[in-house]
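Order of appearance sets the numbers: ligands from 1, and atoms from 1 within every ligand.
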Amino acid sequence: MTLTNWAGTWTFAAALADHPRSVGEVQRLVAESGGGVRAVGTFHSFNDLAEGRTLISLADMPDDIELDEDAATVRVPAQLPFARIAAAIDARGWALANMGSLPHISVGGATATATHGSGLANGNLSTSVTGLDLVTADGGLLHLDRSDPRFAGAVVHLGMLGVVTHVTLAVQPGYEVRQDVYLDVPWQAVLDDPAAVFGAGYSVSVFGHWGTDAVQVWVKTRLPGDEVPDTRWGGDRARVQMPIVGDDTDNVTVQGEPGPWHARLPHFRFDRQPSAQGEEIQSEYFVDFADATAALSAVRALSDRIDPLLLITELRTVAADDLWLSTAAGRTSLGIHFTFRREAPEVKALLPEIEAALAPFAPRPHWGKWFAMSELGGLYPRFEDAAALVRELDPDGTFRNDYTRRVLGL
Ligand SMILES: Cc1cc2nc3c(=O)[nH]c(=O)nc-3n(C[C@H](O)[C@H](O)[C@H](O)COP(=O)(O)OP(=O)(O)OC[C@H]3O[C@@H](n4cnc5c(N)ncnc54)[C@H](O)[C@@H]3O)c2cc1C
């Protein structure tokens, strides 16, 4: 049976191993693999990142969630989608700091690739990780936490360090959020003062196309918070539910009224297919937020090339962090995202043009989306340390693949 990722943009050559039901079985599978092993999450990456000879899915592993209220942490099996974790901790009055656009992705896969939501003061989802439990290349077990100097190099690991069986995340007391959509906000308002637009709420997303005069600004306000105005930057607050892609208002979370953090921070509902239901290719590049205006202007110059292939662009922010392979390592970042039509040859031809336009800003591509760049190590100040950690924990390359060779030279 052919195995593809969620969007059907990558067909795996690898076979899926028998689903292990215990950590011991994972250890045995890795030890007996002979190399070429990749763990897989929920298959939401768009590229060949998760490819291998043997894929290990943890979908049948036990799913107990261990909340430690004294430590304000939750230890979760890596295969669980964020929605499951959110429901369990919310029921006990706890919350995560942020979520990505969809709650369907696994915590293991999301944190391995620096998956992010938005917010100038919010780190990506990997920054909530306080501990990792791994099965390493020799089939042994390794626990890493913030007391270990290797931890900052291990959190965003791209599957290269082993099979992560459990992830421990920081939690905080539960809170409410409301999200409001401002229509017909002039592009110029974003270009003139990006800090004002992206600083207007706990989590802010700008949605639109490149050649238009106006965009939508989605503001997620953490409550209790300031009064939500009816007009911002000359754009009116929508009074009806707004879609993200096409006219599907059924798959987006509730707008215009307060609700629990996990039902407002993601754009998409867990009980619906997100985005364009997989009829799409996604790409995203991170630049220093200080370069936002110049970088956005450079991409806008390509609007005639981009917009015919584009379903929607989303702009978000990510706070700087110290994780060695995080796309926000050392710089508060603007994420410039494209949801393209699933027209693979045309998108492949376009990406080098976008990358050339962004080149002056040292763009870092999202690890799990489409990009044409290769040999990315030089973009990461701690890359040599990260490479040394990969070689230390996996000297024979059990968990490396064509992607890690092409993209990182590892
Ligand atoms: C509709 C849609 C919306 C998206 N929205 C966002 C968004 O808002 N923000 C954002 O940043 N990204 C977003 N993404 C991208 C997505 O979050 C990342 O690609 C993420 O890595 C997918 O997680 P996954 O569980 O599907 O992992 P997979 O794609 O299955 O795997 C990703 C990587 O993690 C490794 N991995 C997975 N599980 C383990 C494990 N247990 N142990 C070791 N390695 C493991 C794999 O080997 C692979 O290298 C979106 C993707 C889609 C399809």
Q. Is a side-chain donor or acceptor of Thr42 paired with a backbone partner of Ser106 at a separation under 3.5 angstrom?
A. yes
So for Val164 against ligand 1, with non-hydrogen atoms under 4.0 Å, the contacting part is both
With heavy atoms and a 4.0 Å threshold, my read on which part of Arg316 contacts ligand 1 is side chain
For Trp6, the ligand 1 atoms with a heavy-atom partner under 4.0 Å come out as 1 (C), 53 (C)
Review point. Would the Phe361 and Tyr285 ring centres measure less than 6.0 Å apart?
Key: no
One finds that the ligand 1 atoms under 4.0 Å from a non-hydrogen atom of Ile105 are 17 (O), 22 (C), 23 (O)
Examine Phe399 together with His157 and report whether their ring centres are nearer than 6.0 Å.
no
Atoms of ligand 1 under 4.0 Å from any heavy atom of Arg38, numbered from 1 in the order shown, are 47 (O), 49 (O)
among protein heavy atoms, the one nearest atom 34 (O) of ligand 1 is Ala112 CB, 3.6 Å
Q | Aromatic ring proximity Trp6/His104, centre distance under 6.0 Å | A | no
Is it true that Glu66 and His166 share a donor-acceptor pair across their side chains at a distance under 3.5 Å? no
For Gly162, the ligand 1 atoms with a heavy-atom partner under 4.0 Å come out as 42 (N), 43 (C)
### Query
Between Trp261 and Tyr175, what is the ring plane arrangement, given parallel below 30°, perpendicular above 60°, and tilted in between?
tilted
Taking only non-hydrogen atoms of Leu58 and a 4.0 Å limit, the atoms of ligand 1 in range are 41 (N)
query = With under 30° as parallel and over 60° as perpendicular, where do the rings of Phe198 and Phe289 fit, or are they tilted in between?
reply = perpendicular
- Query: Side chain of Arg316, backbone of Leu334: donor and acceptor closer than 3.5 Å?
  - Reply: no
With a 3.5 Å distance limit and no angle check, can you tell me whether Arg300 reaches the backbone of Trp210 through a side-chain donor-acceptor pair? yes
Review point. Within the structure, does Leu158 bring an N/O atom to less than 3.5 angstrom of an N/O atom in ligand 1?
Key: yes
Would Gln282 count as being in polar contact with ligand 1, using the rule that some N or O on each side must be under 3.5 angstrom apart?
no
Residues Asp180, Arg232: salt bridge by 4.0 Å N-O rule:
no
Nearest heavy atom to atom 33 (C) of ligand 1, choosing from Leu49, Thr42, Leu161, belongs to Leu49
The closest protein heavy-atom partner of atom 19 (O) of ligand 1 is Ser45 OG, 2.8 Å
Quick note on ligand 1: atoms under 4.0 Å from a heavy atom of Val40 include exactly 30 (O), 37 (C), 38 (N)
* Between Thr115 and ligand 1, is there a nitrogen or oxygen pair with a distance under 3.5 Å? -> yes
When distances are taken from atom 9 (N) of ligand 1, the protein heavy atom at minimum range is His116 O, 2.9 Å
Counting distance only, does the side-chain N/O of Thr9 pair as donor-acceptor with the main-chain N or O of Phe46 below 3.5 Å? yes
Within a strict 4.5 Å, meaning less than it, do heavy atoms of the Met373 and Pro363 side chains meet?
-> yes
Of all protein heavy atoms, the one nearest atom 44 (N) of ligand 1 is His157 CE1, 3.4 Å
Here the atoms of ligand 1 under 4.0 Å from any heavy atom belonging to Ala78 are 41 (N)
Decide whether an N or O pair under 3.5 Å exists between Gly109 and ligand 1. yes
Quick note on ligand 1: atoms under 4.0 Å from a heavy atom of Gly100 include exactly 8 (O)
Is a side-chain N or O of Asn5 found less than 3.5 angstrom from the main chain of Trp10, in a donor-acceptor match? yes
| request: Examine Glu280 against ligand 1 and note whether any of their N/O atoms are separated by less than 3.5 Å. | output: no
Tell me if a side-chain donor or acceptor on Asn251 pairs with a main-chain N or O of Gln273 at a distance below 3.5 Å.
yes
Among non-hydrogen protein atoms, atom 3 (C) of ligand 1 lies closest to Leu102 CD2, 3.4 Å
Going by the 4.0 angstrom heavy-atom rule, the piece of His366 near ligand 1 is side chain
Return yes or no for this condition: an N or O of Phe46 is under 3.5 Å from an N or O of ligand 1. no
Given the options Arg272, Arg269, Gln241, Asp250 meets side-chain hydrogen bond (donor to acceptor under 3.5 Å, both in side chains) only with Arg272
query = Got an N/O contact under 3.5 Å between Ala39 and ligand 1?
reply = yes
The closest protein heavy-atom partner of atom 14 (N) of ligand 1 is Lys369 CE, 3.8 Å
_Pair Glu69, Trp94: side-chain N/O donor-acceptor within cut-off below 3.5 Å_ = yes
Answer yes or no for Ala110: is there a heavy-atom contact with ligand 1 below 4.0 Å?
-> yes
A student comparing Gly41, Ala276, Pro81 should find that the heavy atom closest to atom 30 (O) of ligand 1 comes from Gly41
Handout entry: Glu51 backbone acceptor or donor facing Asn401 side chain under 3.5 Å
Key = yes
In this structure, atom 25 (O) of ligand 1 is nearest to the protein heavy atom Ser106 OG, 2.6 Å
Within the 4.0 Å heavy-atom cut-off, what Ser101 brings close to ligand 1 is both
Of all protein heavy atoms, the one nearest atom 26 (O) of ligand 1 is His44 N, 2.6 Å
